[in-house]
Peer 1: 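Here it is: the structure, laid out below.
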Amino acid sequence: MSTYTAPLKDMQFAIAEFAGLDSVAALPGCGDVNAELVEAILTEAGKFAQCVLDPLNRSGDKQGAQWRDGVVSAPDGFKDAYAQFVGAGWNGLGASTAYGGQGLPHIVAMPLQEMWNSANMAFCLCPMLTTGVQEALMHHGSPVLLDTYMSKLVSGEWTGTMNLTEPQAGSDLSAVRTRAVPEGDHYRIHGTKIFITWGEHDMTSNIVHLLLARLPDAPEGVKGISLFVVPKFMVNADGSPGARNDIRCVSIEHKMGIHGSPTCVLTYGDGPGAVGYLVGEPNRGLEYMFTMMNHARLGVGMEGIAIAERAYQHALEYAKTRVQGRAIGQHSGDRVTIIHHPDVRRMLMTMKAQTEAMRALGYYAAGELDRAKRHPDAQARAGHQARLDLLTPVVKGWCTEVAVEIASTGVQIHGGMGFIEETGAAQYLRDARISTIYEGTTGIQANDLIGRKVGAEKGATALALIDEMRGIDAALAAAGEPFAGMHRSYVQAVHALEAGTRWLVEHYRQKPEIAAAVAVPYLKLFGTVAGGWLMARAALIARERLSAPGTDREFLEAKLATARFYLEHLLPQAVALSQTVTSGAASTLALDPAAF
């Protein structure tokens with residue numbers, strides 16, 4: 001079994017070049033952030049991921065979370081690892097200093113999420129959701145709620161969850177039936193929530209649920225949903241956990257993957273009703289929850305990047321040690337490890353190039369998040385927020401879809417052994433599969449992209465980004481070999497993205513069903529080209545630095561080769577995806593539902 005090693009050099013490259021370390025460091029509150037600090041944090045986090053979390057990944061998958069009479073136990077070792085995690089201060093890295101956090105920007109915090117997820121995705125889901133609860137409360141919580149819950153959430157002493165889904169209300173939250181009845185300064189909650197990640201466990205003394213429910217006089221649909229804080233244990237005046245709230249975990253799901261993470265069915269109000277506290281104003285719960293959901297969607301995109309990296313490392317080690325056959329053209333002599341076979345190298349290069357492109361895009365989005373939150377100029381903040389909004393469904397949808405492909409390729413590199421659980425490759429595929437589904441399926445992300453992010457503003461933010469992509473045309477054209485082929489592919493791909501974007505802008509308002517029929521191909525087109533843009537930039541940077549003395553030539557040469565592979569092998573897919581977007585809607589809808 002391979003051991004996870006954080007790809008520190010590529011992470012630091014992406015933080016500096018794509019997240020924009022220097023520009024983020026110049027923002028208010030980031031004056032202490034520099035390359036040396038980032039390197040120190042990433043190095044220590046990499047050690048924690050490798051030495052504490054990774055060893056529990058396989059055992060946690062085998063044992064799984066356990067439910068017995070309403071009590072959920074994390075896999076062996078998880079509770080101790082969590083105590084070490086919060087004891088080292090990792091839980092509050094990006095949180096507000098007002099509540100005990102370190103206040104570091106997202107370009108530092110999100111790469112750590114990648115490490116935690118690579119090492120142990122099931123474990124990482126717990127602190128990831130806790131961070132999302134913090135985000136929602138910071139934006140919408142009252143002073144009383146903040147004083148009661150934030151410091152415990154930031155420290156990790158308590159964890160948090162998101163309670164949306166019900167048996168009859170999956171992605172369609174307008175069908176939520178959980179009720180909240182006012183009673184003095186609180187509400188009594190009655191209902192059932194399903195698919196609640198880490199909704200019950202034994203790692204902390206309290207769990208803070210953010211829950212969607214309806215007030216008695218609420219209007220129908222999504223405009224009648226309110227958001228509530230519902231603690232597992234009531235909170236005493238001194239801040240300690242008090243009496244048990246009226247919440248029960250009645251079961252946990254038996255899943256394809258992430259076995260170490262309990263996915264719970266929670267019932268609220270079997271007795272007098274669970275006590276909950278309204279967040280913000282009535283009937284604005286879905287709006288508030290989107291603060292947490294968008295944070296979680298970026299986090300799930302990071303999961304895709306993380307699982308891709310882990311699957312690649314696992315497959316690479318196997319390819320370097322598995323002896324099978326002789327080198328092409330040789331009929332005698334020693335047999336070779338499979339990494340010497342060209343098709344295995346093609347698969348490894350595909351995994352490596354896709355993962356680096358996804359990392360570049362995810363870190364770029366993290367930089368936009370920091371600038372959207374911290375830039376001193378309101379107009380600049382709005383511009384960065386618009387680009388972040390555009391990229392969020394792409395990072396979530398594209399990175400997770402590609403992660404499934406990469407994990408599957410990892411199984412393929414193992415050959416028949418990849419289909420055997422003992423080799424470990426299958427776990428990454430099983431774990432990756434949920435990432436395209438929760439926090440909004442790929443189809444939901446794609447509809448968000450073409451609707452709220454492209455159609456609603458007539459493509460303004462998307463087309464502005466495409467114009468920026470064209471800004472490196474001249475540099476690619478002037479770079480000579482091996483950039484000539486890269487340049488041709490790049491020009492065609494950016495043109496393909498523009499054509500697909502303009503087609504959607506033209507058709508979205510008049511025929512939304514037609515646009516929705518090709519929404520997922522458009523999301524994949526956008527991700528493929530955005531990843532190509534950043535990989536092309538990486539190639540130009542590597543080329544320039546290779547001529548400077550004292551550089552890490554091995555890293556830069558590998559970066560250039562990987563970028564070239566992406567632009568020559570993967571980026572050409574953009575032309576076909578664009579053709580699907582502009583010509584494929586009719587065939588998607590050709591069959592009547594009854595004819596299937």
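We're numbering straight along the sequence, starting at 1.
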Peer 1: Between W198 and S261, do the side chains contain an N or O donor and an N or O acceptor separated by less than 3.5 Å?
Peer 2: yes
Peer 1: Give a yes or no on this: more than 12 heavy atoms of other residues, nucleotides or ligands lie within 6.0 Å of atom CZ of R433.
Peer 2: no
Peer 1: Does atom CZ (R244) have a neighbourhood of more than 12 heavy atoms from anything else shown, all under 6.0 Å?
Peer 2: yes
Peer 1: Taking the side chain as every heavy atom from C-beta outward, state whether R381 and R374 have any atom pair closer than 4.5 Å.
Peer 2: no
Peer 1: Can you check whether E157 reaches T204 side chain to side chain, under 4.5 Å on heavy atoms?
Peer 2: no
Peer 1: Does the distance from a Lys or Arg side-chain N to an Asp or Glu carboxylate O, for D202 and K79, drop under 4.0 Å?
Peer 2: no
Peer 1: If we only count heavy atoms from C-beta on, is the R371 to L27 side-chain gap below 4.5 Å?
Peer 2: yes
Peer 1: Taking atom CG as the centre, does D32 end up with more than 12 heavy-atom neighbours from other residues, nucleotides or ligands that are less than 6.0 angstrom away?
Peer 2: no
Peer 1: Count the heavy atoms of every other residue, nucleotide or ligand shown that sit under 6.0 Å from CE of M256, and state whether that count exceeds 12.
Peer 2: no
Peer 1: Check whether the side chains of Q113 and N117 place a donor and an acceptor atom closer than 3.5 Å, and report yes or no.
Peer 2: no
Peer 1: Give a yes or no on whether the backbone of T436 and the side-chain of E401 come within a donor-acceptor separation of less than 3.5 Å.
Peer 2: no
Peer 1: Cut-off 3.5 Å, side chains only: do H201 and T159 have a donor facing an acceptor?
Peer 2: yes
Peer 1: State, with a plain yes or no, whether a side-chain heavy atom of L145 is found less than 4.5 Å away from one of V279.
Peer 2: yes
Peer 1: Indicate yes or no: at least one non-hydrogen side-chain atom of S251 is less than 4.5 angstrom from one of C264.
Peer 2: no
Peer 1: If we check ring pair (Phe, Tyr, Trp, His ring centres under 6.0 Å) with F123, which of these qualifies: F85, W116, W90?
Peer 2: F85
Peer 1: Regarding D448 and K453, does a basic nitrogen lie under 4.0 Å from an acidic carboxylate oxygen?
Peer 2: yes
Peer 1: I'd like to know if E309 pairs up with R359 as an ion pair, taking the criterion as any Lys NZ or Arg NE/NH1/NH2 lying under 4.0 Å from an Asp or Glu carboxylate oxygen.
Peer 2: yes
Peer 1: Any side-chain heavy atom of R430 sitting closer than 4.5 Å to one from H259?
Peer 2: yes
Peer 1: Any salt bridge between K232 and E200, counting N to O under 4.0 Å?
Peer 2: yes
Peer 1: Consider only side-chain N and O atoms of R387 and Y364, and report whether a donor and an acceptor are under 3.5 Å apart.
Peer 2: yes
Peer 1: Do L298 and L369 make a side-chain contact, defined as non-hydrogen atoms from C-beta onward lying under 4.5 Å apart?
Peer 2: yes
Peer 1: Hey, are the side chains of L497 and F526 touching, using non-hydrogen atoms and a 4.5 Å cut-off?
Peer 2: yes
